[in-house]
2 protein chains.
Amino acid sequence: MATDRRINKSKQALKDALILRMETSDFKKITITEIVQHANLNRGTFYKHYDTKEALLEELIDDVMCDLIESYRAPYLHSDALVIKELTASKIKIFEHVYSYSKFYRAIVSSNAVPGIQHKISDVFKQLSRDDMEILGTTSNVDRDFVSSYYAHALLGLILEWINSGFKYTPAYMAEQLIAIVTFPGADVKLKQG
Amino acid sequence: MATDRRINKSKQALKDALILRMETSDFKKITITEIVQHANLNRGTFYKHYDTKEALLEELIDDVMCDLIESYRAPYLHSDALVIKELTASKIKIFEHVYSYSKFYRAIVSSNAVPGIQHKISDVFKQLSRDDMEILGTTSNVDRDFVSSYYAHALLGLILEWINSGFKYTPAYMAEQLIAIVTFPGADVKLKQG
DNA sequence: TCAAATCTATTGATTTATCAACATTTCTAC
DNA sequence: GTAGAAATGTTGATAAATCAATAGATTTGA
């Protein structure tokens, strides 16, 4: 049996309320009273699940990171290997993910509530990138950590730029941009040579 | 103390789920199982509040009608009399109301689940219109029932046309249209004379 | 037509959320 | 600095929602 419905609902309501408040207010200034008011829950319910608002935020971040990983892996869920050339924009779900959590990302990235959040996101990307290479079975002598870190931060950069633009482009457009950058013939090599 | 939060939340979830299902499915074919699944509630919770899905629909309609009445009265909540000339488009909240319940109206009007729903809506308008006349203290010899019925059905007609258009105009535009029609100088008289 | 699947309606033990009250602690304004 | 207000953290009795298991009624498709 999964966790009780009421628990999930209550926790989700608290997380939604936290995101809502973080849109306009600094995390440090948000009170638990505020959160439960917006979540339409009794204060006792908060304390039944969390000790502090920091614990709530931590779990919220975990949730988003899990969904992020799921979205990243979505294109090749039913295939053994990821073939870059066959990767179409429609298959890239990661921008859809960011867009669906746009309020969260906008708040969390601009906030100083979680100092290492960008590092955390890029770490997730890095690990995902490494997993890709395991699947592909790269045999070259290039250090995998360099490659994964390179692509992880590149993707993060693209997303940060998108966030800072106020999400004025569609997820589909962002996916097209990513494809265009990655598949631009010999771009990497030329840069390395020059 | 007001009603328990959980009751309101559960009832609202059931109503939302019903509207959601009515968008694509015929009311008669909707099962209680479907409703509770979409509402993310246990079946027992449904039966704690309602006997049948008809009872749920009935209460949903009541809710919407209450909000409708509130919206209609919003423009002159803090004034003793309604002065047509001062009735600006922005003050007319009724189209905002319909728009906010657009899914409900679209489903309920096109559905045959509630045969008398249009009649019910026009009755609400009629009563509201009558209340207006009480406030205005009309002394003419025109039968109030005629006048109120006239305006009630006129407004309903406007809204039905809007619904059938698939809500392709904004509430503000609809309000402007209503103002334009009502304030068109001598329109009524000329029609009656012709 | 008949069997399988689905839906309905109800049940009781259990878990969860609620409310309101409380004593502390922390802000805030004067 | 201090009084008043607001937030915190905890509590226990109560009410609501949950789950899972029923048995019976309907629907469905082969």
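Letters A, B, ... are given to chains in the order of the sequence lines, protein chains preceding strands, and every chain is numbered from 1. The figures that follow rest on heavy atoms only: side chains count, while hydrogens, waters and symmetry mates do not.
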Compare side-chain N and O positions of [X] against OP1 and OP2 of [N] and report whether any pair is under 4.0 Å apart.
X     : N      : result
B:Y47 : C:dT10 : no
B:K9  : C:dT18 : yes
B:H49 : D:dA16 : no
B:T45 : D:dT18 : yes
B:S10 : D:dA16 : no

TODO: With DNA chain D as reference, determine whether A:G44 or A:T31 sits nearer its 5' end, using the nearest nucleotide of each.
DONE: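 It is A:T31, whose closest nucleotide lies nearer the 5' terminus.
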
Task: Heavy-atom donor-acceptor pair, A:K48 side-chain to C:dA17 base, under 3.5 Å - done: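 Yes, the side chain and the base share a sub-3.5 Å donor-acceptor pair.
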
Between [N] atom [atom2] and [X] atom [atom1], what is the distance in whole Å?
X     : N      : atom1 : atom2 : result
B:H38 : C:dC7  : NE2   : P     : 12 Å
A:D51 : D:dG9  : CG    : P     : 9 Å
A:I7  : C:dT18 : CD1   : P     : 12 Å
A:I32 : D:dA6  : CD1   : C1'   : 13 Å
A:I30 : C:dC27 : CD1   : C1'   : 17 Å
A:E54 : D:dT8  : CD    : C1'   : 13 Å
B:E34 : D:dT27 : CD    : C1'   : 14 Å
A:L41 : D:dA16 : CG    : C1'   : 14 Å

Open item on the list: On DNA chain C, compare the nucleotides closest to B:Q37 and B:N42; which residue's is nearer the 5' end?
Closed with: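 By nearest-heavy-atom nucleotide position, the 5'-most residue is B:Q37.
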
- [ ] Measure from the side-chain N and O atoms of A:K126 to the backbone N and O of A:H153, and report whether any donor-acceptor pair falls under 3.5 Å.
- [x]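 No; judged by distance alone, with no hydrogens or angles, the pair does not exist.
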
Open item on the list: Looking only at the side chain of B:R43 (C-beta and beyond, no hydrogens), which of the listed nucleotides D:dT18, C:dC19, C:dC7 gets closest?
Closed with: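 The listed nucleotide nearest to B:R43's side chain is C:dC7.
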
Open item on the list: Between A:F104 and A:K15, is there a side-chain heavy-atom distance shorter than 4.5 Å?
Closed with: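 Not touching, per the 4.5 Å side-chain cut-off.
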
- [ ] Could you give me the CA-CA distance, side-chain angles and deciding distance for A:E59 and A:Y50, then say whether side chain to side chain donor-acceptor pair (under 3.5 Å) is met?
- [x] CA-CA 10 Å; A:E59 195 172 287; A:Y50 307 100; 2.8 Å; yes

Task: Distance-only donor-acceptor check, side chains B:Q127 and B:D123, under 3.5 Å - done: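 Checked: B:Q127/B:D123 side chains show no N/O donor-acceptor pair below 3.5 Å.
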
TODO: Report which part of the nucleic acid B:R6 touches: base, sugar-phosphate, or nothing (heavy-atom distance under 4.0 Å, all strands).
DONE: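 It contacts base atoms.
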
Task: Connected via hydrophobic side-chain network under 4.5 Å: A:I163 and A:M22 - done: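 Yes; tracing contacts between hydrophobic side chains, which count when under 4.5 Å, links both residues.
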
